[in-house]
Amino acid sequence: MDTNAKNDLEALPDPVAAAAFRRLVLHLQHRHDAQNIDLMGLSGFCRNCLADWIMEAGFDGDKARAREVIHGMPQDEWKATRQSPATEEQLARMKASLAKNKP
């Protein structure tokens, strides 16, 4: 499929893209029932990926601080209060989904 999606995305003004990104992060902070393992299994990315991506984009902080920005709290607190143990089925879906990320 040949689309102009990448060109259209690149044409978005930075303030519009930033506002959409912030809304996504706030949505994920609100929807803590959407587990990272499930996000990975469905889409091949999760909150931790978003933290990595802001670091790659030039975030002035370390990995722990980037994850705190995305999670809305320190990652240890997130894990203790929001994260449930992954099932074997979730891990298998995540593995299959991540394989799709490779070109």
Side-chain angles (χ1 to χ4, degrees):
M1 177 167 58
D2 186 23
T3 69
N4 292 324
K6 182 170 178 148
N7 291 335
D8 290 344
L9 183 59
E10 293 297 326
L12 275 178
D14 285 347
V16 172
F21 173 78
R22 286 185 180 100
R23 184 168 179 179
L24 169 64
V25 171
L26 288 170
H27 181 76
L28 290 172
Q29 288 175 356
H30 173 72
R31 288 295 308 272
H32 54 82
D33 59 313
Q35 294 287 300
N36 276 348
I37 190 76
D38 292 324
L39 293 171
M40 291 293 286
L42 179 64
S43 62
F45 85 97
C46 69
R47 292 168 182 87
N48 296 335
C49 297
L50 290 173
D52 292 345
W53 296 344
I54 66 170
M55 288 184 62
E56 290 171 12
F59 175 73
D60 188 25
D62 64 9
K63 189 176 210 168
R65 181 66 184 121
R67 288 186 176 188
E68 185 174 342
V69 167
I70 298 299
H71 286 85
M73 63 184 68
Q75 186 178 20
D76 290 344
E77 182 180 344
W78 169 266
K79 284 182 175 183
T81 62
R82 305 282 198 268
Q83 184 171 306
S84 57
T87 66
E88 289 300 319
E89 183 179 307
Q90 288 171 313
L91 291 169
R93 272 196 312 267
M94 179 188 75
K95 184 178 178 180
S97 180
L98 286 176
K100 295 177 183 179
N101 286 0
K102 296 178 179 17

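- For the atom pair CD (Gln83) and CG (Asp76), the distance works out to 10.5 Å, reported to the nearest 0.5 Å.
- Residue Met94 is found in a hydrophobic cluster whose other members, listed by chain and number, are Ile37, Met40, Leu91, Leu98; membership requires side-chain heavy atoms under 4.5 Å apart, directly or through intermediates.
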Quiz item: Yes or no on side chain to side chain contact (heavy atoms under 4.5 Å, CB included) for Met73 and Arg82, after CA distance, side-chain angles and deciding distance?
Solution: CA-CA 11 Å; Met73 63 184 68; Arg82 305 282 198 268; 3.5 Å; yes
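- Applying the salt bridge (charged side-chain N to carboxylate O under 4.0 Å, His left out) criterion to Asp14, with sequence neighbours excluded, gives no partner residue.
- A salt bridge links Asp38 and Arg93; the closest N-O separation between the charged side-chain nitrogens and carboxylate oxygens is under 4.0 Å.
- Atoms CG and CG, on Asn7 and Leu12 in that order, are 11.5 Å from each other to the nearest 0.5 Å.
- In the hydrophobic cluster analysis, where Ile, Leu, Val, Met, Phe, Trp and Tyr join through side-chain heavy atoms closer than 4.5 angstrom, Trp53 is grouped together with Val25.
- Tested against Trp78 for a side chain to side chain contact (heavy atoms under 4.5 Å, CB included), the candidates Arg67, Arg47, Gln29 yield a single pass: Arg47.
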Quiz item: For Asn48 and Gln75, what are the C-alpha separation, side-chain angles and deciding distance, and is it a side chain to side chain contact (heavy atoms under 4.5 Å, CB included)?
Solution: CA-CA 9 Å; Asn48 296 335; Gln75 186 178 20; 3.6 Å; yes
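- The NE2 atom of His71 sits 7.0 Å away from the SG atom of Cys46 when rounded to the nearest 0.5 Å.
- For the pair Arg31 and Leu39, the minimum side-chain heavy-atom distance is 4.5 Å or more.
- Across every non-hydrogen atom of Lys63 and Met55, the tightest pair is CA-SD, 3.4 Å.
- Ser97 approaches Ser43 most closely through the heavy-atom pair OG-C, 3.8 Å.
- With a 6.0 Å radius and a threshold of 12 heavy atoms from other residues, nucleotides or ligands, Asp60 has its CG atom at or below the threshold.
- Residues Leu26 and Phe21 do not share a hydrophobic cluster, defined by chaining ILVMFWY side chains whose heavy atoms lie under 4.5 Å apart.
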